[in-house]
There are 2 protein chains.
Amino acid sequence: MATKPSSYENIVNTAARLFIVQGYHATGLNQIISESGSPKGSLYYYFPNGKEELALECIKRANLFVQDQLRDSFAPIADPVLAVQSLLRRLAEEAADCKYKEPMPIGYWASAETAAVSEALRMASQTAFEDWQNIYAEKLLAAGFNKSKAAELGLLLVSMIEGAMLLMITLRDNKPLLTLSAHIPVLLRKE
Amino acid sequence: MATKPSSYENIVNTAARLFIVQGYHATGLNQIISESGSPKGSLYYYFPNGKEELALECIKRANLFVQDQLRDSFAPIADPVLAVQSLLRRLAEEAADCKYKEPMPIGYWASAETAAVSEALRMASQTAFEDWQNIYAEKLLAAGFNKSKAAELGLLLVSMIEGAMLLMITLRDNKPLLTLSAHIPVLLRKE
DNA sequence: GTCTATACATGGATAGAC
DNA sequence: GTCTATCCATGTATAGAC
(Lines give C-alpha, C1' and ligand atoms only; values in the text may rest on other atoms or scores of the structure.)
Protein backbone atom coordinates (compact mmCIF):
# COMPACT_ATOMS: atom_id res chain seq x y z
CA MET A 1 0.00 0.00 0.00
CA ALA A 2 3.08 2.22 0.04
CA THR A 3 3.30 4.86 -2.67
CA LYS A 4 6.76 5.54 -4.00
CA PRO A 5 7.05 9.15 -5.12
CA SER A 6 8.91 11.31 -2.64
CA SER A 7 6.41 14.11 -3.06
CA TYR A 8 3.71 11.98 -1.48
CA GLU A 9 5.95 11.05 1.42
CA ASN A 10 7.01 14.64 1.98
CA ILE A 11 3.44 15.79 2.22
CA VAL A 12 2.32 13.04 4.58
CA ASN A 13 5.34 13.36 6.84
CA THR A 14 5.15 17.10 7.30
CA ALA A 15 1.36 16.97 7.67
CA ALA A 16 1.65 14.32 10.37
CA ARG A 17 4.25 16.36 12.23
CA LEU A 18 2.25 19.57 12.07
CA PHE A 19 -1.01 17.93 13.14
CA ILE A 20 0.76 16.42 16.12
CA VAL A 21 2.44 19.64 17.20
CA GLN A 22 -0.27 22.18 16.42
CA GLY A 23 -3.50 20.26 16.09
CA TYR A 24 -5.85 19.62 13.19
CA HIS A 25 -7.66 22.91 12.83
CA ALA A 26 -4.61 24.99 13.65
CA THR A 27 -2.72 23.46 10.75
CA GLY A 28 -3.50 24.86 7.32
CA LEU A 29 -2.90 23.21 3.98
CA ASN A 30 -0.86 26.22 2.96
CA GLN A 31 1.55 25.62 5.79
CA ILE A 32 1.79 21.93 4.95
CA ILE A 33 2.65 22.49 1.32
CA SER A 34 4.97 25.36 2.18
CA GLU A 35 6.98 23.34 4.70
CA SER A 36 6.97 20.17 2.64
CA GLY A 37 8.26 21.95 -0.43
CA SER A 38 5.68 20.23 -2.59
CA PRO A 39 3.12 22.33 -4.45
CA LYS A 40 -0.53 22.37 -3.58
CA GLY A 41 -1.47 20.64 -6.82
CA SER A 42 0.36 17.51 -5.71
CA LEU A 43 -1.54 17.45 -2.44
CA TYR A 44 -4.87 17.40 -4.24
CA TYR A 45 -3.54 14.95 -6.77
CA TYR A 46 -2.76 12.41 -4.06
CA PHE A 47 -5.63 13.39 -1.76
CA PRO A 48 -8.58 14.44 -3.93
CA ASN A 49 -10.74 14.80 -0.85
CA GLY A 50 -8.36 17.32 0.65
CA LYS A 51 -7.51 17.86 4.26
CA GLU A 52 -9.73 15.19 5.75
CA GLU A 53 -8.33 12.45 3.55
CA LEU A 54 -4.78 13.56 4.29
CA ALA A 55 -5.47 13.53 8.01
CA LEU A 56 -6.98 10.07 7.73
CA GLU A 57 -3.74 8.76 6.26
CA CYS A 58 -1.79 10.46 9.06
CA ILE A 59 -3.94 8.79 11.71
CA LYS A 60 -3.47 5.37 10.14
CA ARG A 61 0.28 5.87 10.11
CA ALA A 62 0.30 7.09 13.70
CA ASN A 63 -1.67 4.02 14.67
CA LEU A 64 0.86 1.68 13.04
CA PHE A 65 3.74 3.67 14.53
CA VAL A 66 2.41 3.23 18.05
CA GLN A 67 1.71 -0.46 17.42
CA ASP A 68 5.36 -0.95 16.50
CA GLN A 69 6.39 1.00 19.58
CA LEU A 70 4.25 -1.24 21.79
CA ARG A 71 5.54 -4.47 20.25
CA ASP A 72 9.13 -3.26 20.45
CA SER A 73 8.77 -2.49 24.13
CA PHE A 74 6.92 -5.70 24.94
CA ALA A 75 8.85 -8.27 22.93
CA PRO A 76 11.94 -8.53 25.14
CA ILE A 77 10.07 -8.51 28.47
CA ALA A 78 7.79 -11.34 29.55
CA ASP A 79 6.31 -9.83 32.69
CA PRO A 80 3.51 -7.42 31.69
CA VAL A 81 4.17 -5.10 34.62
CA LEU A 82 7.80 -4.62 33.69
CA ALA A 83 6.93 -4.43 29.99
CA VAL A 84 4.42 -1.62 30.50
CA GLN A 85 6.78 0.21 32.84
CA SER A 86 9.52 0.00 30.24
CA LEU A 87 7.15 1.53 27.69
CA LEU A 88 6.13 4.35 30.01
CA ARG A 89 9.70 5.23 30.86
CA ARG A 90 10.50 5.34 27.15
CA LEU A 91 7.56 7.65 26.48
CA ALA A 92 8.52 9.88 29.40
CA GLU A 93 12.08 10.19 28.10
CA GLU A 94 11.01 10.97 24.55
CA ALA A 95 8.62 13.63 25.78
CA ALA A 96 11.28 15.30 27.90
CA ASP A 97 13.73 15.18 24.98
CA CYS A 98 11.43 17.20 22.73
CA LYS A 99 10.59 19.49 25.65
CA TYR A 100 6.94 18.46 25.61
CA LYS A 101 6.43 20.10 22.25
CA GLU A 102 5.00 17.00 20.58
CA PRO A 103 1.80 15.56 21.99
CA MET A 104 2.39 12.23 20.31
CA PRO A 105 -0.93 10.59 21.01
CA ILE A 106 -3.43 10.95 18.22
CA GLY A 107 -6.24 11.26 20.71
CA TYR A 108 -6.17 15.02 20.96
CA TRP A 109 -5.92 16.33 17.45
CA ALA A 110 -7.58 13.39 15.74
CA SER A 111 -10.49 12.53 17.95
CA ALA A 112 -11.24 15.20 20.52
CA GLU A 113 -10.75 17.95 17.97
CA THR A 114 -12.54 16.30 15.08
CA ALA A 115 -15.22 14.17 16.74
CA ALA A 116 -17.75 16.95 16.17
CA VAL A 117 -16.81 17.59 12.55
CA SER A 118 -15.63 14.37 10.92
CA GLU A 119 -17.01 10.95 11.64
CA ALA A 120 -14.30 9.36 9.49
CA LEU A 121 -11.48 10.78 11.58
CA ARG A 122 -13.21 9.90 14.84
CA MET A 123 -13.62 6.32 13.68
CA ALA A 124 -9.99 6.06 12.64
CA SER A 125 -8.97 7.13 16.15
CA GLN A 126 -11.38 4.62 17.61
CA THR A 127 -9.77 1.87 15.54
CA ALA A 128 -6.34 2.92 16.77
CA PHE A 129 -7.43 2.82 20.40
CA GLU A 130 -8.94 -0.62 19.92
CA ASP A 131 -5.82 -1.92 18.21
CA TRP A 132 -3.65 -0.73 21.09
CA GLN A 133 -6.06 -2.16 23.63
CA ASN A 134 -5.76 -5.53 21.91
CA ILE A 135 -1.98 -5.47 22.08
CA TYR A 136 -2.10 -4.80 25.82
CA ALA A 137 -4.73 -7.48 26.23
CA GLU A 138 -2.65 -10.08 24.39
CA LYS A 139 0.28 -9.37 26.65
CA LEU A 140 -1.89 -9.83 29.72
CA LEU A 141 -3.52 -12.94 28.30
CA ALA A 142 -0.11 -14.49 27.79
CA ALA A 143 0.67 -13.74 31.42
CA GLY A 144 -2.31 -15.69 32.66
CA PHE A 145 -5.11 -13.16 32.92
CA ASN A 146 -8.47 -14.35 31.71
CA LYS A 147 -9.88 -12.90 28.53
CA SER A 148 -12.38 -10.41 29.93
CA LYS A 149 -10.00 -9.14 32.60
CA ALA A 150 -7.27 -8.70 29.99
CA ALA A 151 -9.59 -6.70 27.74
CA GLU A 152 -10.71 -4.53 30.63
CA LEU A 153 -7.18 -3.76 31.75
CA GLY A 154 -6.17 -3.10 28.15
CA LEU A 155 -8.85 -0.43 27.86
CA LEU A 156 -7.78 1.03 31.18
CA LEU A 157 -4.15 1.20 30.11
CA VAL A 158 -4.94 3.00 26.86
CA SER A 159 -7.06 5.57 28.63
CA MET A 160 -4.64 6.11 31.48
CA ILE A 161 -1.69 6.62 29.17
CA GLU A 162 -3.59 9.10 26.99
CA GLY A 163 -4.57 11.03 30.10
CA ALA A 164 -1.06 11.03 31.51
CA MET A 165 0.23 12.34 28.19
CA LEU A 166 -2.26 15.18 28.20
CA LEU A 167 -1.18 16.26 31.65
CA MET A 168 2.44 15.85 30.68
CA ILE A 169 1.99 18.26 27.77
CA THR A 170 0.03 20.74 29.86
CA LEU A 171 2.34 20.72 32.86
CA ARG A 172 5.48 20.37 30.72
CA ASP A 173 6.64 17.70 33.09
CA ASN A 174 6.75 13.93 32.72
CA LYS A 175 5.79 13.30 36.32
CA PRO A 176 2.24 12.19 35.39
CA LEU A 177 3.62 9.40 33.24
CA LEU A 178 6.19 8.36 35.83
CA THR A 179 3.58 8.39 38.60
CA LEU A 180 1.38 6.17 36.47
CA SER A 181 4.34 3.85 35.94
CA ALA A 182 4.81 3.57 39.69
CA HIS A 183 1.23 2.39 40.09
CA ILE A 184 1.25 -0.19 37.33
CA PRO A 185 2.15 -3.07 39.71
CA VAL A 186 -0.96 -2.37 41.77
CA LEU A 187 -3.18 -2.05 38.72
CA LEU A 188 -2.00 -5.23 37.05
CA ARG A 189 -1.99 -7.35 40.17
CA LYS A 190 -3.75 -10.64 39.60
CA GLU A 191 -4.92 -10.76 43.20
CA MET B 1 -15.41 39.87 39.88
CA ALA B 2 -18.75 39.15 38.23
CA THR B 3 -19.80 41.57 35.51
CA LYS B 4 -23.50 42.30 35.33
CA PRO B 5 -24.57 43.08 31.77
CA SER B 6 -26.33 40.22 30.05
CA SER B 7 -24.42 40.82 26.84
CA TYR B 8 -21.21 39.82 28.55
CA GLU B 9 -22.77 36.69 29.99
CA ASN B 10 -24.27 35.70 26.66
CA ILE B 11 -20.94 35.93 24.93
CA VAL B 12 -19.03 33.99 27.57
CA ASN B 13 -21.66 31.28 27.88
CA THR B 14 -21.98 30.56 24.19
CA ALA B 15 -18.22 30.78 23.70
CA ALA B 16 -17.64 28.27 26.47
CA ARG B 17 -20.19 25.90 25.00
CA LEU B 18 -18.76 26.12 21.49
CA PHE B 19 -15.17 25.69 22.62
CA ILE B 20 -16.18 22.59 24.54
CA VAL B 21 -18.13 21.02 21.69
CA GLN B 22 -16.00 22.03 18.70
CA GLY B 23 -12.62 22.98 20.06
CA TYR B 24 -10.69 26.23 20.17
CA HIS B 25 -9.50 26.63 16.61
CA ALA B 26 -12.66 25.21 15.10
CA THR B 27 -14.74 27.90 16.76
CA GLY B 28 -14.76 31.30 15.08
CA LEU B 29 -15.64 34.61 16.67
CA ASN B 30 -18.28 35.08 13.99
CA GLN B 31 -20.07 31.95 15.14
CA ILE B 32 -19.84 33.03 18.76
CA ILE B 33 -21.38 36.43 18.17
CA SER B 34 -23.94 35.02 15.78
CA GLU B 35 -25.17 32.36 18.23
CA SER B 36 -25.00 34.63 21.26
CA GLY B 37 -27.05 37.34 19.57
CA SER B 38 -24.61 39.99 20.73
CA PRO B 39 -22.76 42.06 18.14
CA LYS B 40 -19.06 41.77 17.52
CA GLY B 41 -18.42 45.22 18.91
CA SER B 42 -19.50 44.09 22.37
CA LEU B 43 -17.10 41.17 22.26
CA TYR B 44 -14.14 43.44 21.63
CA TYR B 45 -15.47 45.93 24.16
CA TYR B 46 -15.38 43.33 26.92
CA PHE B 47 -12.37 41.43 25.58
CA PRO B 48 -10.02 43.93 23.93
CA ASN B 49 -7.47 41.19 23.37
CA GLY B 50 -9.93 39.16 21.37
CA LYS B 51 -10.27 35.43 21.18
CA GLU B 52 -7.44 34.50 23.51
CA GLU B 53 -8.74 36.69 26.33
CA LEU B 54 -12.25 35.33 25.87
CA ALA B 55 -10.97 31.76 25.97
CA LEU B 56 -9.02 32.53 29.10
CA GLU B 57 -12.21 33.60 30.86
CA CYS B 58 -13.92 30.41 29.65
CA ILE B 59 -11.13 28.25 31.07
CA LYS B 60 -11.32 29.98 34.44
CA ARG B 61 -15.06 29.40 34.57
CA ALA B 62 -14.71 25.77 33.55
CA ASN B 63 -12.15 25.35 36.30
CA LEU B 64 -14.54 26.74 38.92
CA PHE B 65 -17.41 24.69 37.52
CA VAL B 66 -15.47 21.46 37.90
CA GLN B 67 -14.35 22.46 41.39
CA ASP B 68 -17.98 22.85 42.41
CA GLN B 69 -18.78 19.50 40.82
CA LEU B 70 -16.00 17.83 42.80
CA ARG B 71 -17.01 19.39 46.10
CA ASP B 72 -20.67 18.56 45.51
CA SER B 73 -19.84 14.92 44.88
CA PHE B 74 -17.43 14.66 47.77
CA ALA B 75 -19.24 16.54 50.51
CA PRO B 76 -21.86 13.91 51.39
CA ILE B 77 -19.49 10.90 51.25
CA ALA B 78 -16.68 10.41 53.72
CA ASP B 79 -14.95 7.41 52.14
CA PRO B 80 -12.74 8.66 49.27
CA VAL B 81 -13.26 5.48 47.24
CA LEU B 82 -17.02 5.82 47.30
CA ALA B 83 -16.80 9.57 46.79
CA VAL B 84 -14.70 9.25 43.64
CA GLN B 85 -16.90 6.45 42.33
CA SER B 86 -19.96 8.60 42.86
CA LEU B 87 -18.30 11.36 40.83
CA LEU B 88 -17.34 9.01 38.00
CA ARG B 89 -20.83 7.58 37.76
CA ARG B 90 -22.22 11.08 37.60
CA LEU B 91 -19.81 12.04 34.81
CA ALA B 92 -20.62 8.84 32.92
CA GLU B 93 -24.34 9.54 33.11
CA GLU B 94 -23.99 13.14 32.00
CA ALA B 95 -21.87 12.10 29.04
CA ALA B 96 -24.37 9.48 27.94
CA ASP B 97 -27.22 11.99 28.32
CA CYS B 98 -25.66 14.40 25.83
CA LYS B 99 -24.70 11.48 23.59
CA TYR B 100 -20.99 12.15 24.01
CA LYS B 101 -21.28 15.41 22.13
CA GLU B 102 -19.70 17.50 24.86
CA PRO B 103 -16.14 16.73 25.83
CA MET B 104 -16.46 18.54 29.14
CA PRO B 105 -12.86 18.45 30.25
CA ILE B 106 -10.93 21.57 29.38
CA GLY B 107 -7.83 19.52 28.71
CA TYR B 108 -8.43 19.00 25.03
CA TRP B 109 -9.43 22.33 23.61
CA ALA B 110 -7.65 24.48 26.16
CA SER B 111 -4.33 22.79 26.64
CA ALA B 112 -3.61 20.16 24.01
CA GLU B 113 -4.91 22.40 21.26
CA THR B 114 -3.37 25.65 22.45
CA ALA B 115 -0.16 24.59 24.19
CA ALA B 116 1.77 25.32 21.02
CA VAL B 117 0.18 28.69 20.35
CA SER B 118 -0.73 30.38 23.63
CA GLU B 119 1.26 30.14 26.81
CA ALA B 120 -1.48 31.97 28.71
CA LEU B 121 -4.11 29.36 27.88
CA ARG B 122 -1.77 26.48 28.63
CA MET B 123 -1.01 27.96 32.03
CA ALA B 124 -4.69 28.46 32.83
CA SER B 125 -5.27 24.76 32.12
CA GLN B 126 -2.31 23.88 34.28
CA THR B 127 -3.79 25.88 37.14
CA ALA B 128 -7.10 24.06 36.72
CA PHE B 129 -5.44 20.66 36.83
CA GLU B 130 -3.52 21.63 39.95
CA ASP B 131 -6.65 22.94 41.65
CA TRP B 132 -8.47 19.70 40.99
CA GLN B 133 -5.51 17.65 42.12
CA ASN B 134 -5.56 19.56 45.41
CA ILE B 135 -9.23 18.80 45.98
CA TYR B 136 -8.62 15.09 45.48
CA ALA B 137 -5.57 15.28 47.72
CA GLU B 138 -7.51 16.98 50.52
CA LYS B 139 -10.12 14.26 50.42
CA LEU B 140 -7.42 11.59 50.68
CA LEU B 141 -5.60 13.48 53.40
CA ALA B 142 -8.78 13.57 55.45
CA ALA B 143 -9.06 9.82 55.03
CA GLY B 144 -5.66 9.20 56.55
CA PHE B 145 -3.26 9.17 53.59
CA ASN B 146 0.00 10.97 54.17
CA LYS B 147 0.64 14.21 52.34
CA SER B 148 2.92 13.02 49.54
CA LYS B 149 0.85 9.94 48.83
CA ALA B 150 -2.30 12.05 48.70
CA ALA B 151 -0.71 14.48 46.22
CA GLU B 152 0.53 11.63 44.07
CA LEU B 153 -2.86 9.94 43.93
CA GLY B 154 -4.52 13.29 43.26
CA LEU B 155 -2.36 13.78 40.18
CA LEU B 156 -3.09 10.24 39.09
CA LEU B 157 -6.83 10.73 39.45
CA VAL B 158 -6.86 13.91 37.39
CA SER B 159 -4.89 12.30 34.59
CA MET B 160 -6.88 9.07 34.60
CA ILE B 161 -10.20 10.86 34.45
CA GLU B 162 -9.08 13.11 31.59
CA GLY B 163 -7.90 10.05 29.69
CA ALA B 164 -11.10 8.12 30.33
CA MET B 165 -13.10 11.10 29.08
CA LEU B 166 -11.09 11.26 25.88
CA LEU B 167 -11.76 7.60 25.17
CA MET B 168 -15.38 8.05 26.11
CA ILE B 169 -15.78 10.79 23.51
CA THR B 170 -13.90 8.86 20.86
CA LEU B 171 -15.67 5.55 21.40
CA ARG B 172 -19.01 7.21 22.14
CA ASP B 173 -19.37 4.89 25.09
CA ASN B 174 -18.97 5.52 28.81
CA LYS B 175 -17.35 2.17 29.46
CA PRO B 176 -13.88 3.70 29.92
CA LEU B 177 -15.14 5.84 32.79
CA LEU B 178 -17.07 2.97 34.36
CA THR B 179 -14.08 0.65 34.05
CA LEU B 180 -11.95 3.24 35.77
CA SER B 181 -14.55 3.49 38.50
CA ALA B 182 -14.37 -0.25 39.04
CA HIS B 183 -10.64 -0.02 39.65
CA ILE B 184 -10.72 2.89 42.08
CA PRO B 185 -10.77 0.62 45.15
CA VAL B 186 -7.51 -0.99 44.07
CA LEU B 187 -5.88 2.34 43.26
CA LEU B 188 -6.84 4.03 46.49
CA ARG B 189 -6.05 1.10 48.74
CA LYS B 190 -3.92 2.16 51.67
CA GLU B 191 -2.21 -1.25 51.70
C1' DG C 1 -21.92 51.12 25.88
C1' DT C 2 -24.23 49.10 21.56
C1' DC C 3 -24.03 47.96 17.07
C1' DT C 4 -22.66 47.91 11.79
C1' DA C 5 -19.60 47.98 8.17
C1' DT C 6 -15.44 46.97 6.69
C1' DA C 7 -10.36 45.73 6.38
C1' DC C 8 -7.01 42.37 5.68
C1' DA C 9 -5.13 37.69 6.22
C1' DT C 10 -5.71 32.98 5.84
C1' DG C 11 -8.58 29.06 5.31
C1' DG C 12 -9.76 25.09 1.84
C1' DA C 13 -10.43 24.12 -2.84
C1' DT C 14 -10.14 24.33 -8.12
C1' DA C 15 -8.73 25.22 -13.02
C1' DG C 16 -5.71 24.80 -16.21
C1' DA C 17 -0.86 25.53 -18.16
C1' DC C 18 3.09 22.82 -18.63
C1' DG D 1 2.29 14.07 -12.71
C1' DT D 2 4.03 18.88 -11.45
C1' DC D 3 3.24 23.38 -10.49
C1' DT D 4 0.93 28.26 -10.45
C1' DA D 5 -2.71 31.40 -10.29
C1' DT D 6 -6.89 32.23 -8.58
C1' DC D 7 -11.70 31.71 -6.36
C1' DC D 8 -14.67 32.17 -2.52
C1' DA D 9 -15.61 31.50 2.38
C1' DT D 10 -14.19 32.34 6.79
C1' DG D 11 -10.87 33.87 10.08
C1' DT D 12 -9.54 37.87 13.43
C1' DA D 13 -9.54 42.55 14.17
C1' DT D 14 -10.75 47.62 13.76
C1' DA D 15 -13.14 52.11 12.79
C1' DG D 16 -16.59 54.78 13.62
C1' DA D 17 -21.78 55.90 13.69
C1' DC D 18 -25.28 55.95 17.06
Side-chain angles (χ1 to χ4, degrees), chain A residues 1-59 109-110 113-114 116-122 124, chain B residues 1-59 109-110 113-114 116-121:
Chain A
M1 197 52 67
T3 317
K4 309 104 214 170
S6 70
S7 196
Y8 178 92
E9 289 299 320
N10 278 338
I11 291 172
V12 175
N13 288 336
T14 63
R17 182 173 50 80
L18 290 172
F19 284 145
I20 287 174
V21 174
Q22 304 179 337
Y24 180 76
H25 288 103
T27 301
L29 296 186
N30 293 322
Q31 188 184 8
I32 294 173
I33 60 103
S34 142
E35 292 200 15
S36 75
S38 310
K40 191 174 288 195
S42 299
L43 193 157
Y44 277 94
Y45 172 75
Y46 290 114
F47 302 97
N49 291 332
K51 192 179 186 180
E52 186 177 358
E53 190 179 359
L54 173 58
L56 200 58
E57 176 62 23
C58 291
I59 295 177
W109 70 265
E113 211 179 322
T114 67
V117 70
S118 163
E119 185 65 8
L121 298 184
R122 201 212 97 236
Chain B
M1 197 53 67
T3 317
K4 310 102 211 170
S6 70
S7 197
Y8 178 92
E9 288 298 321
N10 279 338
I11 291 172
V12 174
N13 288 335
T14 64
R17 182 173 50 81
L18 290 172
F19 285 145
I20 287 174
V21 174
Q22 304 179 338
Y24 179 77
H25 288 103
T27 301
L29 296 186
N30 292 323
Q31 189 184 8
I32 293 173
I33 61 104
S34 141
E35 293 200 14
S36 75
S38 309
K40 190 173 289 194
S42 298
L43 193 157
Y44 277 93
Y45 173 75
Y46 291 114
F47 302 96
N49 291 331
K51 192 179 186 181
E52 186 177 359
E53 189 178 358
L54 172 58
L56 199 58
E57 176 61 22
C58 292
I59 295 177
W109 71 266
E113 211 180 322
T114 66
V117 69
S118 162
E119 184 66 6
L121 298 184

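Chain letters run A, B, ... following the sequence lines, proteins first, then strands; residues in each count from 1.
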*Asks:* Side chain of B:Lys40: nearest nucleotide among D:dC3, C:dT4, C:dC3?
*Replies:*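 Looking only at side-chain atoms, B:Lys40 lies closest to C:dT4.
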*Asks:* Tell me: CG of A:Asn10 to P of D:dG1, nearest whole Å?
*Replies:*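 Answer to the nearest Å: 16 Å.
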*Asks:* Please list, one pair per line, the donor and acceptor atoms closer than 3.5 Å that link side chains of residues 38-45 of chain A to other protein atoms, with sequence neighbours excluded.
*Replies:*
{"unit_1": "A:Ser38", "atom_1": "OG", "unit_2": "A:Ser7", "atom_2": "OG", "d": "3.3"}
{"unit_1": "A:Lys40", "atom_1": "NZ", "unit_2": "A:Asn30", "atom_2": "OD1", "d": "2.5"}

*Asks:* Would you kindly give the OH-to-C1' distance between B:Tyr8 and C:dC3, to the nearest whole Å?
*Replies:*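 Nearest whole value for this atom pair: 19 Å.
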*Asks:* Starting from P on D:dA13, measure out to CG on B:Leu43 and report it in whole angstrom.
*Replies:*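 For the pair B:Leu43 CG and D:dA13 P, the rounded distance is 10 Å.
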*Asks:* Distance check needed: D:dT6 C1' versus A:Tyr44 OH, whole Å only.
*Replies:*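 Atom OH in A:Tyr44 sits about 14 Å away from atom C1' in D:dT6.
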*Asks:* Using atom CG of A:Asn30 as one end and atom C1' of D:dC3 as the other, report the distance to the nearest whole Å.
*Replies:*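 Distance, rounded to whole Å: 15 Å.
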*Asks:* Atom CG of B:Leu29 and atom P of D:dA9: how far apart are they, to the nearest Å?
*Replies:*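 From B:Leu29 CG to D:dA9 P: 20 Å.
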*Asks:* Quick one: list whatever passes side-chain hydrogen bond (donor to acceptor under 3.5 Å, both in side chains) with A:Ser36, sequence neighbours left out.
*Replies:*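 Not a single residue meets the side-chain hydrogen bond (donor to acceptor under 3.5 Å, both in side chains) criterion with A:Ser36.
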*Asks:* Please give me every residue in residues 47-58 of chain B whose heavy atoms get under 4.0 Å of an atom in DNA chain C, ordered by residue number.
*Replies:*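 Going residue by residue through residues 47-58 of chain B, none turns out to have a heavy atom under 4.0 Å of DNA chain C.
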*Asks:* Distance from B:Cys58 atom SG to B:Phe47 atom CZ, nearest 0.5 Å?
*Replies:*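 One finds 7.0 Å between SG of B:Cys58 and CZ of B:Phe47.
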*Asks:* Phosphate oxygens OP1/OP2 of C:dT2: is one of them under 4.0 Å from a side-chain N or O of B:Tyr46?
*Replies:*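 B:Tyr46 to C:dT2 OP1/OP2: side-chain N or O found under 4.0 Å.
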*Asks:* Can you tell me how far P of C:dA15 sits from OH of A:Tyr45, to the nearest Å?
*Replies:*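 Roughly 17 Å, once rounded to whole Å.
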*Asks:* Base, sugar-phosphate alone, or nothing: which one does A:Gly41 contact when heavy atoms must sit under 4.0 Å apart?
*Replies:*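 Touches a base.
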*Asks:* Output all residues satisfying side chain to side chain contact (heavy atoms under 4.5 Å, CB included) with A:Glu35, sequence neighbours left out; order by chain, then residue number.
*Replies:*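 A:Glu35 satisfies side chain to side chain contact (heavy atoms under 4.5 Å, CB included) with A:Arg17, A:Leu18, A:Gln31 once adjacent residues are dropped.
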*Asks:* What distance separates A:Leu54 CG from A:Phe19 CZ, expressed to the nearest 0.5 Å?
*Replies:*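 Going from the CG atom of A:Leu54 to the CZ atom of A:Phe19 covers 5.0 Å.
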*Asks:* Compute the angle between the rotation axes at the two ends of the helix from C:dG1-D:dC18 to C:dC18-D:dG1, each taken over five pairs, rounded to 10 degrees.
*Replies:*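 What I find for the helix from C:dG1-D:dC18 to C:dC18-D:dG1 is an axis angle of 10°.
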*Asks:* Could you pull out the closest heavy-atom pair between A:His25 and A:Lys51, with the gap in Å?
*Replies:*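 Minimum heavy-atom separation between A:His25 and A:Lys51: CA-NZ, 4.0 Å.
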*Asks:* List for me each residue that meets side chain to side chain contact (heavy atoms under 4.5 Å, CB included) alongside A:Ala110, sequence neighbours excluded, and say none if there are none.
*Replies:*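 Checked A:Ala110 against side chain to side chain contact (heavy atoms under 4.5 Å, CB included); matches are A:Ile59, A:Ile106, A:Ser125.
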*Asks:* For residues B:Leu121 and B:Glu52, determine if any side-chain heavy atom of one lies less than 4.5 Å from a side-chain heavy atom of the other.
*Replies:*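 Side chain of B:Leu121 against side chain of B:Glu52, heavy atoms only: contact under 4.5 Å found.
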*Asks:* Name the residue from B:Val12, B:Asn10, B:Ile11 that meets the side chain to side chain contact (heavy atoms under 4.5 Å, CB included) definition with B:Tyr8.
*Replies:*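 Single pass found, and it is B:Val12.
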*Asks:* Need one value for A:Thr27: base, sugar-phosphate or nothing, where a base atom within 4.0 Å counts as base even if backbone is also close, heavy atoms only.
*Replies:*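 Answer is sugar-phosphate: A:Thr27 comes under 4.0 Å of backbone atoms only.
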*Asks:* For the pair made of NE2 in B:His25 and P in C:dG11, what is the distance, rounded to whole Å?
*Replies:*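 My rounded result for the distance is 11 Å.
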